Protein chains: 2
Amino acid sequence: MAGERVTSNDVARLAGVSQSAVSRYYSTGNLVSTKAGEKIKQAAEQLGYRPNVLARSLITGRSRMIGLVVAYLENYFYPEVVERLSKALQDQGYHVLVFISSPASVVENVDQITQEILDYQVDGIVLASATMSSELAARCHAHGVPIVLFNRLQDDPRLSTVTSDNHGGGRKLAELLVSLGHERFGYIAGYEGASTQRDREAGFREGLEASGHRLFAREVGNFRYDEAQAAARRMFTGPERPDAVFVCNDHMAFAVMDVLRYELGLRIPDDVSVVGFDDVPPARWPAYSLTTFRQDVDDMVAETLRTLMESVNGAGGVPRRVVLDGFLVQRATTRRAPTSAT
Amino acid sequence: MAGERVTSNDVARLAGVSQSAVSRYYSTGNLVSTKAGEKIKQAAEQLGYRPNVLARSLITGRSRMIGLVVAYLENYFYPEVVERLSKALQDQGYHVLVFISSPASVVENVDQITQEILDYQVDGIVLASATMSSELAARCHAHGVPIVLFNRLQDDPRLSTVTSDNHGGGRKLAELLVSLGHERFGYIAGYEGASTQRDREAGFREGLEASGHRLFAREVGNFRYDEAQAAARRMFTGPERPDAVFVCNDHMAFAVMDVLRYELGLRIPDDVSVVGFDDVPPARWPAYSLTTFRQDVDDMVAETLRTLMESVNGAGGVPRRVVLDGFLVQRATTRRAPTSAT
DNA sequence: CGTTGGACTGCATACGTATGAAAGGCGAAG
DNA sequence: CTTCGCCTTTCATACGTATGCAGTCCAACG
């Protein structure tokens, strides 16, 4: 199929030098005389030569590829992650090999996919919105492939994690709602297996209890738009309904708001306050203008990168567990504070 | 570091067979006796052996990787593309190497990035929302690497393209608005360098002119949310404003709607009708419930896949130019038709 | 029992690059 | 002029797998 591959040998022949000279010219650069370098450059340009990264990896043991496992891009938090992470890695000369793990968080599936990633000899793996079995974690560790869990916590000490302060965020949201004078608090949960879901809920409950309140209603939305709609319907069609609801992430919060406004005719925040978590771009759009807790994607990506690079380059080996601060973003789905805010 | 790599040689030694036997077991499978196969399987499991895809690529000339260049994931059409395409390719044993080309559609940047992709010996390239120089197209062609332009048209005969009927879609939207009795038509353009922008606008104008109408106002939003907001402000703050506006894609349409409703206090569709293009998920959300022209991502991905696989496996070589039908999705941002619809 | 064919198997080499070791060249110091 | 040392270059080999070729083994057939 056409495609005459041009190799370092071809360049060497044309330039009248040895193959190793060409190799050195491209890898270390300085270990070759100016004159020879010039000839090599000329020849390479003439032939359209570029080093074969794969062949190079075979010998260096570095593929300059990072595997990224992501469960679903439906939640607009993750496209941002993919974009920023890819870009940041590109700048470092790395590239992202993407794997989609279909049913969110099925460990078995993630394991299989991770195996496939390992087959590509990636230098590191980022699991976004997914967790893996300890067995596989051990395996990666044995292969010397560092793993970073992005936005998920897991106890395995071999795994690095980068999360924001989900517990604290949940708590701050509770404090906000309490300070606004709310009485009946609803919570719409994400997928129960996710650490983000558990931590946010725990923080929220803790925040409520700190001021003598407690959860009034709870439904599960599994991080999905349609399930969150159904959850909202259930929660708000009883005789008594919450006057404030924390939805475990923004993506589901939009679904809940849509049901409240357009199906049940409730006004936000007059009849009910809604708060989310993440601060994805649509949360800022006037149609929603959602009060939420911001997870800074850039910060999270930066820490992920740092963790990866430390493990890849440095002596590394010791996993890091980074927990980043986020902050409250008050918009229009909660009432203005009666008194000066906390 | 660590990471004792286990190779086919190790497996061969443990299983008491030759390295070639192990290789054959994993590649063709059947060219090895049942007994030997069993021993190899045992040994491989014991050692945790998996074939090195990179080493394999080196000799077969197939990396089973597809390069995907995407400019921005901010428009929620593209995350869907990434997800579906990755998944579909995964099912075929291929994997996606992602590249983000920062400033949308700067050809020079795409060229550089594509070069980097080629260094990884990918079996094919998908350019989503981007175009490349003819020179580079020629180069890829020479290397035998097929290219598919996704959602962009370009004249170069070496390039395959998969698009939906942008021209027809623009025309149908015009016909819809005309049939609803509108008189003053606005158009908010995307990035002028994009074929989708040009084709949609051309189709829209043609549809208007067919019934003796013409464009009343035009602004540019460059496919960005904030620029579309600004465009909407300019368009709707004059003495006379359009009574219908076609926004070149849904992503910008949301921005326009937000400005119309929440800044200018206009009612949709009573004061002004809004139509978009793409049918991304939020278009379906009640907050927007946008009338739009649907591009079916699944169909487009399927055709992309087919085009790639044909070129990779088959004799291939002849580029395909696929134009898929889309269809109108009428929701709540346009009035109900006075009479039976077209 | 000898022969033939088929099914396996192993040997050797190739893929394109990186890199340690050895050889070559050249100028400076003695 | 010799010697030493440094800079450059080449040689040879390795990375992990695939594959043509030749050899081995066994069963079946004449």
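Keep in mind that what you see is a predicted model, and the values were worked out from it rather than measured. Here is the naming used below: chain letters follow the sequence lines, and residue numbers restart at 1 for every chain.
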Sugar-phosphate only, base, or nothing, as touched by B:Thr7 at under 4.0 Å among non-hydrogen atoms: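 Here B:Thr7 touches the backbone only, sparing every base.
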
Contact class for A:Val22 (heavy atom, under 4.0 Å): base, sugar-phosphate, or nothing? nothing

Nearest-angstrom distance from the residue atom [atom1] of [X] to [atom2] of [N]:
X	N	atom1	atom2	result
B:Ile59	C:dT13	CD1	P	14 Å
B:Ile40	C:dT9	CD1	C1'	10 Å
A:Arg64	C:dT17	CZ	P	16 Å
A:Gln19	D:dC15	CD	C1'	13 Å
B:Arg62	D:dT19	CZ	P	11 Å
B:Glu38	C:dT9	CD	P	13 Å
A:Leu58	D:dG16	CG	C1'	5 Å

Could you tell me whether A:Arg306 and A:Glu303 make a salt bridge, using a distance below 4.0 angstrom between a side-chain N and a carboxylate O? yes

Does the pair B:Asp123/B:Arg64 count as a salt bridge with the N-to-O cut at 4.0 Å?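 Answer for the salt bridge query: no.
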
Can you check whether [X] has a side-chain N or O nearer than 4.0 Å to OP1 or OP2 of [N]?
X	N	value
A:Tyr49	C:dT17	yes
A:Ser8	C:dT17	yes
B:Arg5	D:dG16	yes

Confirm from the modelled atom types if [X] and [N] form a donor-acceptor pair under 3.5 Å, side chain to base only.
X	N	value
A:Ser20	D:dC11	yes
B:Arg13	C:dG10	no
B:Arg24	D:dT17	no

Of the nucleotides [options], which has the atom closest to the [X] side chain?
X	options	answer
B:Arg56	C:dG10, D:dA18, C:dA18	D:dA18
A:Thr60	C:dA18, D:dT10, D:dT19	C:dA18
B:Ser33	D:dG16, C:dT9, D:dT9	C:dT9
A:Ala21	C:dG10, D:dT10, C:dT17	D:dT10

Please check if the distance between the ring centroids of B:Tyr191 and B:Tyr72 is under 6.0 Å. no

Determine whether the aromatic ring centres of B:Phe150 and B:Tyr78 lie less than 6.0 Å apart. no

Non-hydrogen side-chain atoms of A:Met132 and A:Ile147 separated by less than 4.5 Å: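 Yes, close enough: below the 4.5 Å cut-off.
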
